Amino acid sequence: MKRCVTFGEIMLRLSTPGFQRFTQASSFDACYGGAEANVAVSLSQYGIPVTFVSRVPSSELGTSAIRTMAAFGIDTQFMQRGGERLGIYFLETGASARASKVLYDRAHSGIASITPGMIDWDEVFSEADWFHWTGITPAISETAALTVKEALEAASRHDLTISVDLNYRGRLWKWGKTPAEVMHGLVSFCDVIIGNEEDAQKVFGIHPEGVEVRSGHLDASAYEPVGRQLMEIFPRCKHAVTTLRSSISASHNIWSGVLWNGSELLHGPTYEVTPIVDRVGGGDSFGAGLIYGLLSFGGDDQRALNFGVAASCLKHTVPGDFNQVTVAEVEKLLSGDASGRVSR
């Protein structure tokens with residue numbers, strides 16, 4: 001069976017209970033999360049062997065993070081120990097017209113101080129078929145960006161399929177270079193490029209004509225030129241994929257996605273998600289579903305896209321970062337059964 005590798009930071013997530021604001025909360029709900037860890041958990045849930053590579057401190061929290069990933073059946077042998085601390089992010093869940101908020105507390109984390117040479121990438125990739133990373137990791141620090149490049153060079157030597165979720169995080173790019181300066185060289189290694197409706201614009205300046213994201217209405221066809229331009233800039237890319245989120249409110253979204261494969265723009269199913277339980281990790285769950293589909297469906301791009309959209313729709317109903325759903329549950333939604341009737 002195909003083995004996937006993901007690389008990035010796992011963090012402690014502290015969320016206000018219910019829909020409380022930060023200024024109201026006297027306690028926080030704790031779990032672990034992070035973009036690449038989220039993808040790893042989803043893929044493992046779908047039966048794909050997964051290796052997660054990261055760096056966590058030599059503390060009880062670092063041990064707990066490793067055990068959490070191992071509990072989902074993920075290979076953690078390449079999770080390094082070191083650094084001052086485990087990164088934390090705080091989440092205030094919005095509702096109706098009030099948006100959610102995220103505050104980062106991840107300076108000097110284990111992954112921020114990772115350097116090239118710490119990980120034996122040739123050993124990591126010796127039995128792997130797919131490597132997934134996101135634009136979050138090179139945003140954390142210069143040495144993390146250099147380590148991503150080291151990983152991509154090794155993955156290419158081993159002839160892996162490489163995917164990236166652009167995952168623009170403006171608050172993280174603080175170490176001296178712009179996203180475009182760093183990401184161009186890294187994304188050039190990738191076969192699959194994933195982003196939300198704004199990522200290509202914010203990272204590479206590729207803007208879908210006639211689209212105003214904050215209007216609440218997205219024209220899926222406008223993203224064909226985005227896919228075309230990405231493939232022109234990055235000739236190795238075979239799939240340019242965009243998730244489409246129309247936000248009616250923090251509690252009510254319209255969710256879909258499109259895939260440009262070089263010859264046609266494929267449209268995924270459209271779901272009306274209301275009420276939203278937890279949208280954090282929605283993009284990661286889409287990426288994992290898409291990867292699963294591309295690995296499992298024999299080159300059927302439409303089916304792979306549909307699986308990713310449906311998997312992510314279900315993630316909006318699951319508290320926490322991880323999308324704890326099964327292939328059967330995703331396929332049930334794809335069959336048209338969104339009734340939510342009790343399964344007995």
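If you're wondering where the values come from, they're calculated on a predicted model, not measured in any experiment.
The aromatic rings of Trp255 and Phe286 lie perpendicular to each other, with more than 60° between the two planes, well past the 30° mark. The aromatic rings of Phe22 and Phe90 stand perpendicular to each other, their planes meeting at an angle above 60°, with 30° marking the opposite boundary.
For the pair Asp29 and Pro17, the tightest heavy-atom approach, listed with the atom from each and the gap, is OD2-CA, 3.7 Å. The two residues Ser312 and Gly283 have their closest heavy-atom pair at OG-N, 4.4 Å. Annotation for Leu160 and Ala128: closest pair CD1-O, 3.6 Å, computed over non-hydrogen atoms. Of all heavy-atom pairs spanning Pro269 and Val309, the tightest one is O-CG1, 3.3 Å. Between Asp321 and Gly33, the closest heavy-atom pair is OD2-CA, 3.3 Å. Among all heavy-atom pairs drawn from Met69 and Ala40, the shortest one is CE-CB, 4.0 Å.
In this structure a side-chain-to-backbone donor-acceptor pair under 3.5 Å is present from Ser141 to Ala112. Here the side chain of Ser256 pairs a donor or acceptor atom with the backbone of Gly268 at under 3.5 angstrom. Side-chain N or O atoms of Asp284 include none that pairs as donor or acceptor with a backbone N or O of Val39 at under 3.5 Å. Of the possible donor and acceptor atoms, none in the side chain of Asn167 sits under 3.5 Å from a partner among the backbone N and O of Ala35. A side-chain donor-acceptor contact under 3.5 Å links Trp175 to the backbone of Pro138. Checked by atom type and distance alone, the side chain of Thr68 pairs as donor or acceptor with a backbone atom of Ser64 at under 3.5 Å. Between the side chain of Asp191 and the main chain of Ile162, a donor-acceptor pair closer than 3.5 Å is present. Distance alone, capped at 3.5 Å, is enough to place a donor-acceptor pair between the Lys315 side chain and the Val280 backbone. Glu150 places a side-chain N or O within 3.5 Å of a backbone atom of Gly117 that can act as its donor or acceptor partner. At distances below 3.5 Å, not a single donor-acceptor pair connects side-chain atoms of Ser44 with backbone N or O atoms of Val41.
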(request) Could you go through the side-chain contact (heavy atoms from CB on, under 4.5 Å) check for Tyr104 and Arg169 one step at a time? (result) CA-CA 11 Å; Tyr104 293 119; Arg169 298 291 186 271; 3.5 Å; yes
(request) Tell me, with the steps shown, if Val325 and Val330 meet side-chain contact (heavy atoms from CB on, under 4.5 Å). (result) CA-CA 7 Å; Val325 299; Val330 178; 4.1 Å; yes
(request) Step by step, work out the side-chain contact (heavy atoms from CB on, under 4.5 Å) result for Leu186 and Lys149. (result) CA-CA 6 Å; Leu186 302 179; Lys149 183 180 180 182; 3.7 Å; yes
(request) For the pair Trp130 and Leu294, evaluate side-chain contact (heavy atoms from CB on, under 4.5 Å) and give the outcome as yes or no after the intermediate values. (result) CA-CA 11 Å; Trp130 193 292; Leu294 292 174; 3.9 Å; yes
(message) Checking Glu60 against Arg67 for the salt bridge (charged side-chain N to carboxylate O under 4.0 Å, His left out) test, could you report, in this order, the C-alpha distance in whole Å, the side-chain angles of both residues, the deciding distance, and whether it holds?
(response) CA-CA 10 Å; Glu60 289 85 349; Arg67 288 178 177 174; over 6 Å; no
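Within 6.0 Å of the NE2 atom in His108, the count of heavy atoms belonging to other residues, nucleotides or ligands does not exceed 12.
Judged by distance alone, the side chains of Asp301 and His239 do bring a donor and an acceptor atom under 3.5 Å apart. At a cut-off of 3.5 Å, with distance as the only test, no side-chain donor of Arg279 or Thr93 sits close to an acceptor on the other residue. Between Thr51 and Asp75, the side chains place a donor N or O and an acceptor N or O closer than 3.5 Å (distance only, hydrogens not considered). Between Ser247 and Arg245, the side chains place no donor N or O within less than 3.5 Å of an acceptor N or O (distance only, hydrogens not considered). Side chains of Ser163 and His132: a donor on one and an acceptor on the other come within 3.5 Å. For the residue pair Ser296 and Arg303, no side-chain donor N or O sits within less than 3.5 Å of a side-chain acceptor on the partner. A donor-acceptor contact under 3.5 angstrom links the side chains of Ser156 and Arg236, judged on distance only.
Here Asp122 pairs with Arg157 in a salt bridge; the nearest charged N to carboxylate O distance falls below 4.0 Å. Between Arg98 and Glu92 there is a salt bridge, since a side-chain N of the basic residue sits under 4.0 Å from a carboxylate O of the acidic one.
The CD1 atom of Ile66 sits 12.0 Å away from the CD atom of Gln77 when rounded to the nearest 0.5 Å.
A ring-centre distance under 6.0 Å is found for Phe234 and Phe204. Outside the 6.0 Å centre-distance limit, the rings of Phe189 and Trp133 are not counted as a close aromatic pair. Between Tyr46 and Phe307, the gap from one ring centroid to the other is short of 6.0 Å.
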